[in-house]
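Every chain is numbered from 1, with letters handed out A, B, ... down the list of sequences. Values reported hereafter were calculated over all heavy atoms of this structure, with side chains retained and with hydrogens, waters and symmetry mates removed.
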Amino acid sequence: MEKKELNKGYDPHEIESKWYQYFLGHGFFKAEDKSKKEAFSIVIPPPNVTGMLHMGHALNNVLQDIIIRYKRMQGYNALWMPGMDHAGIATQNVVEKELAGEGITRHDLGRERFIERVWQWKEKYGGIILTQLRKLGCSCDWDRERFTMDEGLSRAVREVFVRLYNDNLIYQGNYIVNWCPRCHTAISDLEVEYTEENGGLWYIKYPFAEGEGGVIVATTRPETMLGDTAVAVNPHDERYKDVIGREVILPLVNKKIPIIADDYVSVEFGTGAVKITPSCDPNDFEMAQRHDIDMVIIMDGNAVINENGGVYQGQDRDMCRKNVVNDLKKGGYLIEEKPYTHNVGRCYRCKTIIEPAVSKQWFVKVKPLAKTAISAVVKGKTKIFPSMWEGTYFDWMNNIRDWCISRQIWWGHRIPVWYCSDCGKVIVATEDPKECPACSGSSLRQEEDVLDTWFSSALWPFSTLGWPDKTDALKTFYPTSLLVTGFDILFFWVARMMMMGLYVMKDVPFKEVYLHALVRDEKGDKMSKSKGNIIDPLDMIDKYGADAFRFTLAAFTAQGRDVKMSEDRIQGYRFFVNKIWNAARFCFMNLEDYHEGELSPDAENYSVCDRWIKDRLNHTVADLTRFLNEYRFNDAAARIYYFIWHEFCDWYLELIKPVLYGKNSSHSKLGAQHTMLMVLKSSMKLLSPFMPFVTEEIWHKLPGDEGSLMISPFPSEDDSLKDEEAVKRMGVIMDVITRIRNIRGEMNIPPSKKLKVLLSVPDDELISIVITGKDYIIDLAKLRELSVKGEIKEEPKGVATGIAGAIKVYVFLEGMIDIAGEIARLEKEMSKLTKNLAMVSKKLANQEFREKASEKVVEKEKLKSKELQEKSVILERALSRLHILEG
RNA sequence: GGGCGGGUAGCUCAGUUGGGAGAGCGCCACGUUUACACCGUGGAUGUCACAGGUUCAAGUCCUGUUCCGCCUACCA
């Protein structure tokens, strides 16, 4: 066998890029459009084209990669579809900032040239995040990369728009929408973030137009009074019974406005009278529609007061508020002003306070779409993990409101609507029309607005597969198998994909959705630049390697919990990677004289510990498979960690050392080598989805030429590896070893001091077990002599006593006898035991327990009681002998 | 206002048919044994938020209280 050295410590740097290139070069990430293999597909949540990899992306994509690699190894035709989102507002902002550096605005460039600039920017900087995903090890089918502004995806957008329009599910209208005065566009309800902020509540008196007195209204936005067109009270409010229908004078503006009655008005709040500004408040807008009240628009797109604001024209909303309040004070209209905390809506993108404004916008009528989307989840066509999110999904879908899809920006899918200047016809078409179909006029003007970015994202699961063409990819991979995303975009994206998928494809976009939590810092705070608590995933990869980083993310992804990330934990798993590396190195060093294929699988070729570790491996496979199928990433990670570190390294490798070193001829060295290699190889397979790099490196150093690990078959449960007999026998042997180690540790006896041990074993079966395990015990417990006897009557003197099940363990303490120490040790154990025994006895003494508890449970308790009693007798005897010695 | 999640060892958290309170890190002791000190062996630590209830048996099920986090909502 060719000699291949492994370094003492594992260094991820070169190895990771080497293998990633290898994977790419061999096309292992590629899925087949047509295949006999069963398909498994995931579409990536497309990151913003402006995005840089942060912890959220890292978590999201590592989880997807683990699943897709797992499925690929299981033999599926696995597709992970990559791509990016054009991120309308965000990208436009970035490029506008760039222009500002040059001293120009997009308006200086004009629409066409500005769009060109954005494309240039995209080509130059746009792909960064996808490069970063490669550093993580993501096994996307990169040749299929898509972008929401691609020609194909744009065609899909137009097609869907036209269909929805023709089905009367898209309409245009003058409504009040959330307007961002900084981004200069409408945004959807979802894109407004509400935060509790300190503000004020102003009480303003509106005098009656005729007669004495007036009505006092309370408002958080006094400046909007310039646009008031009514005052409203509750129809059942006794206080205002007689004023309904009268008129008041709007202060500062000096105009008469009516007092109306509407159930919306709360009797309890403020004065029970509310000013109505239909152009500045969504509720007022609705009320105005109900009562056919006028509307006065007082602000422009910059939230600056317009010509309808009289003397306040030209002032922005903040300045105007100050001045209005001052003027009200002067005029004696301001009754009271008090601090008040309330919810303020801000633009999710730039955090500017949203100005509700009336404008002409396009909307999707979502109720009918939502209905189908709800029933798909009810029927289980799409399953949501963890299931608690189903409730949230239903709740939102049931209360859904129409979706404002038009944006007054330039970067995005321009709405496929044209207006004929000659006859006024509205043309909605997938292809740019050359002339008006009604009057054949040629002066057509396209709608200026573009679509919400989420509109194109909603089509992602089928648009990326080639729709509207009938492609093989679509046929093979739609509906996709799984969607993995953060719960924070359940409404933004998941819900809308459900609606669009069902509307367009008549089938759900994905069969399962796994919603993961957010990554926070170790204190549980959201990571943000302003807090300075960001941990950069790329730094972590650089420092600890992608494998360790990936494993950390998986290990902390418990369902429904936030992922609290800290560097210490990554370091902890970095140690694990090193442990794996060194275990492999050990195996490797002991395979020099190994020749595969020389060993029959007959049981006699394998020792009890060989059989034991294979049983444990088989268990691990079963558990891991189950956990991954249920998206229990943390459990999966913990299971493989435990197997490799504790079962394989701590026990098995230690057990076979003497065999490998030729010090123990009673067990087959070849059998140990064979088992060691087989278990190591299987472990690498199990670990490969989590740690694709180090496992691949180890794999290629091991004997055998089986190609790449990442496409080798994932282990499945194998009944032939089950071995209860070996598990039972090893249980006894390990228990004895642990007992002796326990005594050594508690008595502070250094490992270099070889011990003499006597075992008192009550029955023949146990004796045979102990005899076969004698070498193991001598080696792992570091003994110089081990004698095994049947049940002995006369206990030896000068020993420390331990109990391993039915076996009594006597450790001779010649010369180092510390009677007081041993007494203390035994008494400690005795008190634990007594407490335990008391609990068990109490249970068994209870008649109801014996009658009502299941037989299995009662038997278990009885057995426990018996064992504890026996132990107690032994300890008692040992103690009394020590007391005599001492005395 | 409504909803959801959480309060378990010093820290971060597991604990899925109710029947042994666990892991990792940290801590203490011993140790350099031909894979690994990025290591090994052993050890200590808990009114499972609180109060009731169901049950032979509750961290686990039910009710209430409290604290924290998140989502959602048109109360000016």
Using whole Å, report how far NZ of A/K754 lies from C1' of B/rU33. 7 Å
Can you find a side chain N or O atom of A/R401 that sits less than 4.0 Å from OP1 or OP2 on B/rC74? yes
Check whether any side-chain N or O of A/Y340 sits under 4.0 Å from OP1 or OP2 of B/rA76, and answer yes or no. yes
Would you say B/rC38 has OP1 or OP2 under 4.0 Å from some side-chain N or O of A/N582? no
Do we count A/F586 as stacking onto B/rC36 if the rule is ring centres under 5.5 Å and planes under 30°? no
What is the nucleic acid contact for A/N590, judged by heavy atoms within less than 4.0 Å: base, sugar-phosphate only, or nothing? nothing
Determine: side-chain N/O of A/H646 to OP1/OP2 of B/rG24, distance under 4.0 Å, yes or no. yes
Under 4.0 Å between a side-chain nitrogen and a carboxylate oxygen: does that hold for A/E848 and A/R850? no
Mark yes or no: A/R346 above the aromatic ring of A/W179, with NZ or CZ under 6.0 Å from the six-membered ring centre and no more than 45 degrees from the axis. no
Classify A/C649 by what it touches in the nucleic acid, base, sugar-phosphate, or nothing, heavy-atom distance under 4.0 Å. base
Cationic N near anionic O, under 4.0 Å, A/R825 to A/E822: yes
B/rA76, B/rA35, B/rC25: which one has an atom nearest the side-chain heavy atoms of A/F269? B/rA76
Separation of B/rU12 C1' from A/Q571 CD (nearest whole Å): 15 Å
Is any side-chain N of the basic residue among A/E654 and A/K657 closer than 4.0 Å to the acidic one's carboxylate O? yes
SB check A/D623 A/R626 (cutoff 4.0 Å): yes
Distance-only, no hydrogens or angles: does the A/T277 side chain make a donor-acceptor pair with backbone N or O of A/M225 under 3.5 Å? no
Once the angle between the rings of A/Y661 and A/F586 is folded into 0 to 90°, is it parallel (under 30°), tilted (30 to 60°) or perpendicular (over 60°)? perpendicular
Distance criterion of 3.5 Å, no angle test: do you see the side chain of A/R632 paired donor-to-acceptor with the base of B/rU16? yes
How would you label the contact of A/F576 with the nucleic acid (heavy atoms, under 4.0 Å): base, sugar-phosphate, or nothing? nothing
Could you check how far CG of A/L653 sits from C1' of B/rC39, rounded to whole Å? 14 Å
So what does A/K864 touch, heavy atoms closer than 4.0 Å: a base, only the sugar-phosphate, or nothing? nothing
Give the rounded distance in Å between these two atoms: CG of A/L655 and C1' of B/rA35. 15 Å
As a test of reading the structure: which of B/rA76, B/rC25, B/rC30 is closest to the side chain of A/Y641, going by heavy atoms? B/rC25
Check whether A/F556 forms a cation-pi arrangement with A/R569 (NZ or CZ under 6.0 Å from the six-membered ring centre, at most 45° off the ring normal). yes
Salt-bridge criterion met for A/K543 and A/E567 (N-O under 4.0 Å): yes
Establish, with yes or no, whether the OP1 or OP2 oxygen of B/rA35 is under 4.0 angstrom from a side-chain nitrogen or oxygen of A/K657. yes
5'-most by nearest nucleotide on RNA chain B - A/G272 or A/E746: A/E746
Starting from C1' on B/rG31, measure out to NZ on A/K753 and report it in whole angstrom. 15 Å
Please tell me if the side chains of A/Y393 and A/V377 come closer than 4.5 Å, counting only heavy atoms from C-beta onward. yes
For A/P282, which contact category applies under a 4.0 Å heavy-atom criterion: base, sugar-phosphate, or nothing? nothing
A/D228 CG to B/rA76 C1': how many Å, rounded? 11 Å
Regarding A/K782, tell me which of base, sugar-phosphate or nothing describes its non-hydrogen contacts under 4.0 Å with the strands shown. base
In whole angstrom, give the distance that lies between atom CH2 of A/W645 and atom P of B/rA37. 11 Å
Given RNA chain B, 5'-ward residue of the pair A/F627 and A/I743, judged by closest heavy atom: A/F627
Please list residues of residues 844-854 of chain A whose heavy atoms come under 4.0 Å from any atom in RNA chain B, ordered by number; otherwise none. A/N846, A/E848, A/F849, A/K852, A/A853, A/S854
Do any side-chain nitrogens or oxygens of A/Y194 fall under 4.0 Å of OP1 or OP2 in B/rC70? no
What would the secondary structure line of RNA chain B be in dot-bracket form, counting Watson-Crick and G-U wobble pairs under 3.5 Å, with [ ] for pairs that cross earlier ones and | for pairs with another strand? ((((((((.[[[[.)...(..]]]].(((((.......))))).....[[[[[..)....]]]]])))))))....
Would you mind classifying the nucleic acid contact of A/N836 as base, sugar-phosphate or nothing, using non-hydrogen atoms under 4.0 angstrom? nothing
How many Å lie between CZ on A/F575 and C1' on B/rC36, as a whole number? 12 Å
B/rA57 base / A/K842 side chain donor-acceptor hit below 3.5 Å: no
Is it true that A/K856 and A/E859 have a side-chain N and a carboxylate O under 4.0 angstrom from each other? no
What about A/E654, does its side chain sit under 3.5 Å from the base of B/rA35 through a donor-acceptor pair? yes
hbond_proxy A/K579 side chain to B/rC36 base (donor-acceptor, 3.5 Å cutoff): yes
With heavy atoms under 4.0 Å as the rule, sort A/V577 into base, sugar-phosphate or nothing. nothing
Select one nucleotide: of B/rA44, B/rC38, B/rC74, the one nearest the side-chain heavy atoms of A/R574. B/rC38
Students often mix this up, so state it plainly: with edges at 30° and 60°, are the rings of A/Y652 and A/F648 parallel, tilted or perpendicular? parallel
Contact under 4.0 Å: A/K862 side-chain N or O vs B/rG19 OP1/OP2: no
Would you say B/rA44 has OP1 or OP2 under 4.0 Å from some side-chain N or O of A/K832? yes
